[in-house]
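Keep in mind that what you see is a predicted model, and the values were worked out from it rather than measured. Indexing begins at 1, ligand by ligand and atom by atom, following the structure's order. Sequential numbering from 1 along the given sequence is applied to the chain's residues.
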Amino acid sequence: MNVPVLTIVVPCYNEEEVLFETTKQLGSMLSSLIMEQLASSESNILYVDDGSHDKTWTIIEDLTHKYHYIKGLKLSRNFGHQKALLAGLEKAEKKADCVISIDADLQDDISVIRDFMVKYFEGNDIVYGVRKSRDTDSFFKKATAQGFYRFMNKIGVKIIYNHADYRLLSKRALRELLLFREQNLFLRGIVSLIGLKTTEVYYDRKDRFAGVSKYPLKKMLAFAFDGITSFSVIPIRIITIMGFISFFISGLAGIYALVVKFMGHAESGWTSIIISIWFIGGLLLMSVGLIGEYIGKIYEETKHRPRYSIETDLYSKESNRDKSLIKTGSN
Ligand code: UDP
Ligand code: MG
């Protein structure tokens, strides 16, 4: 295998305090990879400025002048971590043979980047960085994150436990990822839909090097909600099921109300009110759920996700695992 061009994509939002240190550490990591012939000398670090309000972009610009291996991309405003990362990945896809995404704050142990590359050389298309423990997280963050992963797995979204967005993607995995054209981005969910040869590398997560978390509770909740609603129509289905249950109960309530009435215990008017409340309630909920089911279908369709991906093609002539790009089914 030729020595691959590696691009390390780093989304940055108000990260002026960490950028110099990050550049120092990632830079020396990159040069040792180049020395070991694990990455080509054209490899680089791509900072994506996600509409920062501080000096982040000025610093990035300076760094690009100072070091040839530093590249910068500036988004027009704050789009959020996921979109910033995607923008960087999309840029990187043009030149890189593989990409690694990592946060700017050095919470993820960069020494495992070497392991990522080794795994890449072993033929893996996706290498997940997985945290061994969450000791440095607050109790609240730990509990909410764990609850979230569990819930996501329950509703059928396969995401890797304790994996954030620290991972390596080969060019072919990256191309597959870029075929998912949805607006609601939840990258770690999509990456697990790609398939291909995948492995994990474990590391310890540290404290933020400097600055504060750019993920306040509000952003975290929005992120979780995006994750759930962009991968599952189960919440809608729950409404439909509740509608059916309530409709069924309306039948029972009806019988009960009639029995009470004929036994002569009922206040006048009570029976009809009880029956209609349950009946109409059930009917409404069921209808909303049914409409929701259709909206759910439309929603699935409008995403224009690829319907299948081919890893190896033994039908077409030029098929060759290393050479061929993955062909994807049209919509
Ligand atoms: N980030 C971003 N846009 C945002 C929020 C965060 O690009 O709107 C970047 C941020 O600069 C960092 C990464 O996403 O590189 C993860 O953010 P942070 O470390 O604050 O999240 P936490 O580790 O607290 O979950
Ligand atoms: Mg962080």
Side-chain angles (χ1 to χ4, degrees), residues 7-26 29 45-60 63 70-92 99-110 112-113 128-149 152 159-167 183-189 191 203-227:
T7 295
I8 302 177
V9 180
V10 192
C12 309
Y13 179 55
N14 297 341
E15 298 286 10
E16 60 181 8
E17 286 158 289
V18 302
L19 272 177
F20 287 113
E21 185 62 24
T22 306
T23 307
K24 200 172 117 203
Q25 296 199 18
L26 283 180
M29 179 38 122
I45 299 167
L46 172 59
Y47 287 122
V48 184
D49 176 19
D50 185 17
S52 300
H53 303 298
D54 64 0
K55 293 205 202 72
T56 299
W57 180 245
T58 329
I59 297 174
I60 295 174
L63 289 169
I70 302 283
K71 312 276 174 215
L73 185 69
K74 184 175 169 27
L75 301 189
S76 59
R77 62 171 170 88
N78 180 242
F79 282 89
H81 174 233
Q82 298 288 290
K83 292 202 170 137
L85 182 52
L86 186 80
L89 293 176
E90 206 146 359
K91 262 278 160 290
V99 292
I100 291 175
S101 46
I102 186 169
D103 291 350
D105 56 12
L106 300 180
Q107 279 190 285
D108 304 304
D109 182 3
I110 66 160
V112 299
I113 288 183
Y128 291 109
V130 180
R131 293 184 219 176
K132 277 190 221 147
S133 68
R134 280 181 170 262
D135 294 343
T136 57
D137 279 355
S138 68
F139 171 76
F140 178 73
K141 185 133 193 173
K142 222 181 329 197
T144 46
Q146 276 176 2
F148 177 62
Y149 282 110
M152 291 297 273
I159 49 177
I160 308 264
Y161 190 58
N162 269 348
H163 160 71
D165 282 302
Y166 186 27
R167 69 176 88 81
Q183 285 297 312
N184 291 299
L185 265 192
F186 187 66
L187 286 173
R188 62 193 83 159
V191 171
Y203 68 96
D204 282 316
R205 185 156 157 114
K206 296 180 262 183
D207 270 335
R208 197 172 228 285
F209 166 70
V212 291
S213 172
K214 310 297 182 297
Y215 260 104
L217 184 63
K218 194 173 137 231
K219 266 193 186 172
M220 239 163 67
L221 286 179
F223 182 57
F225 199 69
D226 260 1

| query | Between K83, H81, Q82, which one has a non-hydrogen atom sitting closest to atom 14 (O) of ligand 1? | reply |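 Shortest heavy-atom distance from atom 14 (O) of ligand 1: H81.
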
For ligand 1, does [X] get within less than 4.0 Å through its side chain, its backbone, both, or neither, judged by non-hydrogen atoms?
X    : answer
N78  : side chain
E15  : side chain
D103 : both
A104 : both

| request: Provide the closest heavy-atom pair for Y161 versus V130 in the form atom of the first, atom of the second, distance. | output: O-CG1, 3.5 Å

| Taking the six-membered ring for Trp, are Y128 and H163 parallel (under 30°), tilted (30 to 60°) or perpendicular (over 60°)? | perpendicular

| task | Please work out which of the three classes, parallel, tilted or perpendicular, describes the rings of F223 and F148, given edges at 30° and 60°. | result |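 Ring orientation, 0 to 90° scale: tilted.
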
| message | For atom 24 (O) of ligand 1, what's the nearest protein heavy-atom neighbour? Residue, atom name and distance, please. | response | S213 OG, 2.5 Å

| field | Identity and separation of the nearest protein heavy atom to atom 1 (N) of ligand 1 | value |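 Checking every protein heavy atom, the shortest distance to atom 1 (N) of ligand 1 gives Y13 CB, 3.6 Å.
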
| said: If only side-chain N and O atoms count, and only distance matters, is there a donor-acceptor pair under 3.5 Å linking T56 with Y47? | reply: no

| said: For N/O/S atoms only: which one belongs to D105 and is nearest the Mg ion (ligand 2)? | reply: OD2

| task | Look at the side chain of N78 and the backbone N and O of D50, then say whether any donor-acceptor pair between them is shorter than 3.5 Å. | result | yes

| task | Using a strict cut-off of 4.0 Å, indicate which atoms of ligand 1 neighbour a heavy atom of C12. | result |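 Close to C12: 7 (O), 11 (O).
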
| query | Any side-chain heavy atom of R205 within less than 4.5 Å of one from N162? | reply |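 They are not in contact (no side-chain heavy atoms under 4.5 Å apart), so the answer is no.
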
| query | Does I60 reach the side chain of L19, with side-chain heavy atoms less than 4.5 Å apart? | reply | yes

